[in-house]
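Okay, so here's the structure we're looking at.
Each chain gets a letter, A, B and so on, in the order its sequence line appears, and its residues count up from 1. Note that the structure is predicted; figures quoted are calculated from it, not measured.
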Amino acid sequence: MKVELLDIGEVELASDDGLVELAKRYGKGPKTVVAARINGHLVDLSTKVAQGDTVEFIHADTVQGRAVIRHSTAHVLAQAVVRLWPGTYYAIGPAIDDGFYYDFELPNEQHFEEKDLPLITSEMRKIIDENQSFSRRKYSFQGGKTLFADQPFKVEIIESVQGRGDTLEAASEEGVEDDAVSVYENSSGFVDLCRGPHVPSTSYLGSFALTRISGAYWRGDEKRPQLQRIYGTAWESKSALDAHIRMLEEAAKRDHRKLGIELDLFHFPPEIGSGLPVFHPKGALIRYLMEEYARKAHLRAGYEFAWTPHLAKSNLFSISGHLEWYKDGMFPPMELEGSTYYMKPMNCPMHILIYQSRSRSYRELPLRLFEFGTVYRYERSGALHGLARVRGLTQDDSHIFCAKDQLVPEVERLIRFVLALLGAFGLKDFEVEVATRPDKYIGSDEEWETATASLISALGNIGVEYKVAEGEGAFYAPKIDVHLTDAIGRRWQVSTLQVDLQEPQRFQLGYMSQDNSIDIPYMLHRALFGSVERFMAILIEHFEGALPTWLMPKQVVVLPVNEGANAYAHEVSKAVKKIGGRVSVEEAREPLGARIRRMKLEKVPFVVVVGDDDVVAGTVGVNRRGSNHPERDMPIELFLEELKVEIREPELEGFDYDD
RNA sequence: GCCCGGGUAGCUCAGUCGGUAGAGCAGCUCACUCGUAAUGAGCAGGUCAGGAGUUCGAAUCUCCUCUCGGGCUCCA
């Protein structure tokens, strides 16, 4: 019989030959094909092919192939845990980015400990060495429930679908479909609910590592029992596994918390409290440079500055809805002279008061109020994470009040502004998400639709691609969230842009329109860095501490080779200062090599060495960051020319200030 | 908040069986004046996160609190 093999063409196959035989003949080598697609459906390699089928191999070194390997390795993990802890209930074990996990409930409320991982790993190795096969079977709902009678989580998964007749995504993942239950049985007798596909046997597995243990709530719901989760990673080969482990080490080197201490930028004094950073002189200078750049950009882009206090009486947050909807995220109240005060969790109510301070005319719109506004949010202790997640954060926050017909153009303008501003900081790889109405929300459905539609049409108008994140909006507004991918492929959420139809009503905002009637303005909330603290963390990690020269606290250091060159070194330093460079001189109290090493570790962009020859010739030796080949005898004027360009602030590209 | 693992000098870490604290780097002093990633010697530096308990004796064992890290939940 003939089948169509993708990328190969039509091939001849004996009728009792299966996919394994086909893979042997046409795959990239032994065990490189882990599953297949027949006529578009993902299947195990044991699936029979028929005359005329179209077959596509799923190779081990692809995203889908790895997912198959990881999912199968998760089954091996479950089997190992059940062997070591008889009576364990196993829940779910999907493949995830870069790996997999499996959730368990151990008997007698036992918990995994770190030292269990090597035990489990060696049990998994035994299972893999047994060369167990995976085979798929289908059961009726009732049959499935009988099979898993002693596994309550599996029964719950089956029932969650059977009862409602719909298909939960997670349940489908786990092997429950509309009409039947899909089960995989290993040759050892271990069975698990699973959609598959799986590798044909455990001999396809082996390049895995168990990475960590954790508690995890059943179905992600903190009101349900907490299960014991084991995370692992699995790859198609030892070398791919090793590469992944090296990537993790690379990420650890970039950790902004580590670099923050090493480069003397900031720390979190326990005396102040969790999640409340202090910035040291170098960190504060970086912050200043970031903020000044943003302030100038905003001013030129038609924003006006605002400045507001850090706390306010409770009534303000009652009107805004924060006390009703956001109280869990706020610091507890303070009683003062008979009033109750709260630290502000957002800046919007304060900016609204500025809008409200006098009557407004349509001629003033759009009115764009901008502030680096520090807000305080009660983050649960386990959520804190260096500068990326703190309890006191500064938003580059703005509230834009505009008329209805200005809304879409204003959003378009904003998106261009965001991408230009982030681009100026060297970040260019973005994904845009539209976050829609969450379960808990204020306002009417029509208002949410209007607001969401305006975001989507603005994105469409300027041709920016986006994904929809259902139910991820704020309680008062849908959002456009900008995520960026850093130098080593990690995703961070930065900017957020929200169309709010609620707060203008709650505060009864108005403006005098052209036809002499009072209209309600529309309001946009937006933060481009998101939080200055987090944005700094992202920059540090993205650049591994080697920030663009214009953001470096120290841009140039001049090293005289010996005492005789000191005076000349100070002349060079002065010349650098004159063109606006940040520079210092390190005199020859210790060997040149030692000073160079120190400055290189500090990631100083230009290490300049001057000796007797330079004094005579008016030259410098330039050792640039990222290079170990110094350029000797460079005329000082030439160096200053190069430096002028290097220290210059970047232009905003892609945003026209006259927009 | 929940599960697991940590907290020893400014930083990175060692500290055995419970016997009273150690290194490297950084700092200070002195000497060295050096041409591209660590000059040498000396000095100083610790309520072993905090508290309670067990013990003749606790960095070490037990409990509590604080705090940090990895996850879960939440989120800028």
Side-chain angles (χ1 to χ4, degrees), chain A residues 101 103 109-117 211-231 252 255 257-258 261-262 264 267-271 273-275 326 328-329 345-346 375 377-390 393-397 472 474 479 481-483 492-496 525-535 537-538 559-566 587-602 607-614 620-624 627-633:
Chain A
Y101 67 79
D103 286 348
E109 295 183 15
Q110 292 179 80
H111 300 291
F112 289 126
E113 292 172 28
E114 224 126 83
K115 62 179 164 52
D116 295 329
L117 291 182
T211 49
R212 49 191 182 250
I213 54 180
S214 152
Y217 301 106
W218 170 230
R219 299 208 151 162
D221 180 349
E222 64 180 316
K223 295 191 180 59
R224 298 193 199 230
Q226 189 167 47
L227 305 179
Q228 294 290 304
R229 176 171 295 180
I230 294 179
Y231 282 94
D255 192 315
R257 294 164 302 186
K258 177 175 172 290
I261 291 172
E262 280 175 15
D264 195 16
H267 85 290
F268 290 84
E271 294 83 348
S274 292
Y326 199 76
D328 290 346
M346 296 186 194
V375 297
R377 297 180 181 179
Y378 168 67
E379 296 287 353
R380 297 201 281 180
S381 57
L384 300 171
H385 180 89
L387 289 182
R389 192 76 180 274
V390 292
L393 61 131
T394 306
Q395 295 180 308
D396 58 330
D397 206 0
E472 298 290 317
K479 305 190 285 181
D481 286 331
V482 178
H483 299 255
W492 303 80
Q493 196 200 316
V494 278
S495 318
T496 183
H525 303 240
R526 38 114 294 177
L528 309 189
F529 292 156
S531 105
V532 177
E533 292 81 4
R534 159 184 276 194
F535 196 70
I538 294 168
L559 310 180
V561 172
N562 55 38
E563 229 164 40
N566 279 353
E587 292 185 358
R589 275 184 290 270
E590 52 188 336
L592 183 62
R595 285 178 286 157
I596 288 173
R597 180 183 148 81
R598 267 209 339 267
M599 294 306 124
K600 287 284 185 184
L601 289 175
E602 251 186 67
V607 176
V608 170
V609 175
V610 294
D612 296 338
D613 302 347
D614 296 297
V620 293
V622 180
N623 192 332
R624 295 173 184 82
S627 156
N628 255 332
H629 302 287
E631 183 175 343
R632 291 278 304 269
D633 306 320

Inset, instruction - Is it possible for you to check whether R224(A) lies under 6.0 Å from the centre of the six-membered ring of Y217(A), through NZ or CZ, and within 45° of that ring's axis? - result: no
Inset, instruction - May I ask you to verify whether the side chain of R380(A) and the base of U73(B) hold a donor-acceptor pair under 3.5 Å? - result: yes
Legend entry - Atom P, compared across U8(B) and G50(B): separation rounded to whole Å: 10 Å
Inset, instruction - Indicate, yes or no, whether a donor-acceptor pair under 3.5 Å links the base of C74(B) to the side chain of R389(A). - result: yes
Inset, instruction - Quickly work out the Y217(A) OH to C3(B) C1' distance and round it to whole Å. - result: 8 Å
Legend entry - Under 4.0 angstrom between S214(A) side-chain N/O and C3(B) OP1 or OP2: no
Inset, instruction - Could you work out which one of G70(B), A76(B), C4(B) sits closest to the side chain of T496(A)? - result: A76(B)
Legend entry - Side-chain donor/acceptor of D614(A) to base of G35(B), under 3.5 Å: yes
Legend entry - Proximal nucleotide (of C34(B), C3(B), C75(B)) relative to the R534(A) side chain: C75(B)
Inset, instruction - Rounded to whole angstrom, note down the C1' distance from C61(B) over to C17(B). - result: 12 Å
Legend entry - Atom-to-atom span, CD1 of I230(A) to P of G5(B) - whole angstrom: 13 Å
Inset, instruction - Can you figure out which of C34(B), G71(B), C74(B) approaches the side chain of V561(A) most closely? - result: C34(B)
Inset, instruction - Please state whether the phosphate of C68(B), meaning OP1 or OP2, lies under 4.0 angstrom from any side-chain nitrogen or oxygen of S274(A). - result: yes
Legend entry - Short side-chain N/O contact to A76(B) OP1/OP2 from H525(A), under 4.0 Å: no
Inset, instruction - Please check the phosphate of G70(B) (OP1 and OP2 only) for any side-chain N or O of R257(A) closer than 4.0 Å. - result: yes
Legend entry - Per R229(A) side chain, nearest of listed nucleotides C4(B), C72(B), C34(B): C72(B)
Legend entry - Nearest-nucleotide comparison on RNA chain B, the residue closer to the 5′ end among I596(A) and L393(A): I596(A)
Legend entry - Nearest-nucleotide comparison on RNA chain B, the residue closer to the 5′ end among G386(A) and G220(A): G386(A)
Legend entry - Closest to the E379(A) side chain, choosing from C74(B), U36(B), A37(B): C74(B)
Legend entry - Whole-angstrom distance between U62(B) and A58(B), as gauged at atom C1': 11 Å
Legend entry - Atom C1', compared across C25(B) and A14(B): separation rounded to whole Å: 15 Å
Legend entry - Electrostatic pair D221(A):R219(A) at N-O distance under 4.0 angstrom: no
Legend entry - Residues E379(A), R377(A): salt bridge by 4.0 Å N-O rule: no
Inset, instruction - Give a yes/no answer on whether the side chain of Y378(A) brings an N or O atom under 4.0 Å of OP1 or OP2 in C74(B). - result: no
Legend entry - From E631(A) atom CD to R624(A) atom CZ, the distance as rounded to the nearest 0.5 Å: 4.5 Å
Inset, instruction - Return the nearest nucleotide to the side chain of I261(A); candidates are A76(B), C11(B), C74(B). - result: C11(B)
Inset, instruction - Round to a whole Å and report the spacing from CD of E590(A) to C1' of U39(B). - result: 9 Å
Legend entry - Between A21(B) and U16(B) - C1' atom distance, rounded Å: 15 Å
Inset, instruction - State whether a side-chain donor-acceptor pair under 3.5 Å links K600(A) with N623(A). - result: yes
Legend entry - Pairwise P distance for G46(B) and C68(B), with rounding to whole Å: 25 Å
Inset, instruction - For A76(B), take OP1 and OP2 only and decide whether either is under 4.0 Å from a side-chain N or O of K479(A). - result: yes
